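Labels below follow one simple rule: chain letters A, B, ... track the order of the sequence lines, proteins then strands, and each chain is numbered from 1. Please read these numbers as outputs of a predicted model, since none were measured by experiment.
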2 protein chains.
Amino acid sequence: MSGARKLPPRETAKLDRTTIVEAAFAVLSEKGLDGLSLRVLATHLGVQAPALYWHVRNKAELIGMMAATFGEVAARAEPGEKTWASRLIAYGHALRQAMLLHRDAARLCAIARPIEPPAENANRVAAPLIAAGLDQKRALSYQASVIAYTLGWVVYEQSQPMHEHLAQMLDLAESFASGLRAMVRGFVAEVAETTTKHRGQQRQRPQAKSRD
Amino acid sequence: MSGARKLPPRETAKLDRTTIVEAAFAVLSEKGLDGLSLRVLATHLGVQAPALYWHVRNKAELIGMMAATFGEVAARAEPGEKTWASRLIAYGHALRQAMLLHRDAARLCAIARPIEPPAENANRVAAPLIAAGLDQKRALSYQASVIAYTLGWVVYEQSQPMHEHLAQMLDLAESFASGLRAMVRGFVAEVAETTTKHRGQQRQRPQAKSRD
DNA sequence: ACCTGAACACCGTTCAAGT
DNA sequence: ACCTGAACACCGTTCAAGT
């Protein structure tokens, strides 16, 4: 019988928010989202469960910090794309890849509730789109759609029964890319329509901060 | 002081899977996903918690049954659309509306794991698309993309902090519709390309900035 | 400042026992 | 067949008390 019920008390180095989130991802990958409890996380860190409450308000905040990770990773991972369309596509792929690295990551993001002011993150991530020629409202809307699509897709991709069933009927990576491509292509067409109405003077403003 | 901690034992009529799922939705709408426990569900039904296990294997199965509801509702709600494109759009809207009726519905779907053979549901829902002229592989892929997008969108729409933040920057319903429209439009373009191979339609990349 | 021990109010689930 | 009572092994969270 495999008696692997106990995890070794990792490190007795220090205990701060960063190491806690790290260990939480380790536990997540080992036990899955259902197995991620503050108690096993604490023993994984060689500490008692209430100790975590000194660094973290509660479990919800911890989940929120974990979820925020993916957004940051994906935001950094779209380096040299110039048009807002290619940026959107790159962001979607980067976000999916980031989530696929950890078991149950999409479900975790779906559970998580953004505790930090989301305005900061949203604007930071929409900024390059605006710099690439989009107005702010559209940038936010398109960005939200790409994030929603990616999150929803990976939820199903990481659901084992769904994965098994879908994977034998179609290539998941290719289907994801197809949907993402289609959506952004539709955005491009939409923008092209509305800007040709009044002689597109909108595009090609380099680094416009667009202050109101 | 609101002392509403106890729910009235609803009906002592009968106890079968249908009434259990009904009551589960009632509890969900009152207490939210975190408050949905088998114990409060049982008291809501005027019964003890272990009684539920006669009709339902476990909580996961119950969640699965609840999630399956939305797919069925949405599948019935796209009546008279003729093209597969309009069917896809109608399905997305119907699915969103069905989920918006219940608190935390999208998160519930993200948590749920399809216990019934998903082939049945998937094919039943993709069938009209195939009948409307799509090949099966594309029908499944497009359908999956629409479902993923809708699920992900409503996850954020039903997240209270996200809702508050996004709602003041953009019209959520309109932005959802925009993304859905864009995606399906992209699908249509893709199909048009591959079917008219020797027609000289060379739009491989989405020409982000339409010239002029 | 940072962590432990002990406790509280909950969970999901099992199972013998009732009817 | 259908449900109860009691129990098991867990939860998240609080809080006095230790260092």
Side-chain angles (χ1 to χ4, degrees), chain A residues 1-7 9-24 27-28 30-67 104 107-108 111-113 115, chain B residues 1-7 9-24 27-28 30-67 104 107-108 111-113 115:
Chain A
M1 314 295 283
S2 65
R5 279 185 49 198
K6 200 180 176 186
L7 295 176
R10 269 273 150 157
E11 309 254 332
T12 327
K14 272 200 297 189
L15 197 63
D16 56 349
R17 306 179 115 232
T18 317
T19 53
I20 289 179
V21 170
E22 261 176 44
V27 174
L28 180 71
E30 285 183 42
K31 316 258 195 180
L33 186 55
D34 293 335
L36 175 58
S37 77
L38 294 186
R39 284 179 142 101
V40 321
L41 172 57
T43 62
H44 196 68
L45 285 161
V47 93
Q48 298 297 324
L52 301 173
Y53 283 83
W54 182 261
H55 305 92
V56 160
R57 190 199 302 256
N58 49 27
K59 188 179 179 180
E61 192 191 57
L62 175 64
I63 301 276
M65 292 166 64
M66 297 175 74
D104 288 339
R107 256 183 288 259
L108 180 118
I111 292 284
R113 286 185 284 203
I115 199 164
Chain B
M1 332 269 283
S2 65
R5 279 184 51 199
K6 201 180 175 186
L7 295 177
R10 270 272 148 160
E11 310 254 329
T12 326
K14 273 201 296 187
L15 197 62
D16 55 352
R17 307 179 112 231
T18 317
T19 54
I20 289 179
V21 170
E22 261 176 42
V27 175
L28 181 70
E30 284 183 39
K31 317 258 196 178
L33 186 55
D34 293 337
L36 176 58
S37 76
L38 294 186
R39 283 180 143 100
V40 320
L41 172 58
T43 63
H44 195 68
L45 285 161
V47 93
Q48 299 298 324
L52 300 173
Y53 283 82
W54 183 261
H55 305 91
V56 160
R57 191 199 302 256
N58 48 27
K59 189 179 179 180
E61 193 191 58
L62 174 64
I63 302 275
M65 292 165 65
M66 296 174 74
D104 287 341
R107 257 183 287 260
L108 180 117
I111 291 284
R113 287 184 285 203
I115 199 164

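Put simply, NZ on A:Lys59 is 8 Å from C1' on D:dC11, counting in whole angstrom units. Here C:dG12 presents its P atom at 15 Å from CD of B:Glu61, a figure rounded to the nearest Å. Computed from coordinates, the B:Gln48 CD to C:dT14 P distance equals 17 Å when rounded to whole Å. The distance from atom CG of B:Leu36 to atom P of D:dC11 is 20 Å, rounded to the nearest whole Å. As rounded to whole Å, 9 Å separates atom C1' of D:dA1 from atom NE2 of B:His55. Spacing between atom CG of B:Leu45 and atom P of D:dT4 amounts to 11 Å, rounded to whole angstrom units. Between the P atom of D:dG12 and the CD1 atom of A:Ile63 lies a distance of 9 Å, rounded to the nearest Å. Rounded to whole Å, the distance from CZ on A:Arg39 to P on C:dA7 is 13 Å.
For A:Tyr53, the listed nucleotide lying nearest its side chain is D:dG12; candidates were C:dT4, C:dG12, D:dG12. Closest approach to the A:Ser37 side chain among C:dG12, D:dT4, D:dC11 is made by D:dC11 (side chain taken as heavy atoms from C-beta onward). Residue B:Pro50 has its side chain nearest to C:dT14 when only D:dG12, D:dC3, C:dT14 are considered. The side chain of B:Leu15 approaches D:dC3 more closely than any other nucleotide in the set D:dT13, D:dC3, C:dA1.
Residue order along DNA chain D, read from the 5' end via each residue's closest nucleotide, puts B:Ala49 first among B:Ala49 and A:Gly35.
We find the CD1-CG distance between B:Ile63 and B:Leu108 to be 4.5 Å, quoted to the nearest 0.5 Å.
In this structure, the side chains of B:Met66 and B:Leu36 come closer than 4.5 Å at one or more pairs of heavy atoms. For the pair B:Leu62 and B:Leu52, the minimum side-chain heavy-atom distance is 4.5 Å or more.
Of the nucleotides present, D:dA16 is the one that pairs with C:dT4 by Watson-Crick or G-U wobble criteria, both distances under 3.5 Å.
Side-chain atoms of A:Arg17 come within 3.5 Å of backbone atoms of A:His55 as a donor-acceptor pair (strictly under, hydrogens ignored).
Comment: B:Asp34 does not engage A:Lys59 in a salt bridge, judged by the lack of any side-chain N to carboxylate O separation of less than 4.0 angstrom.
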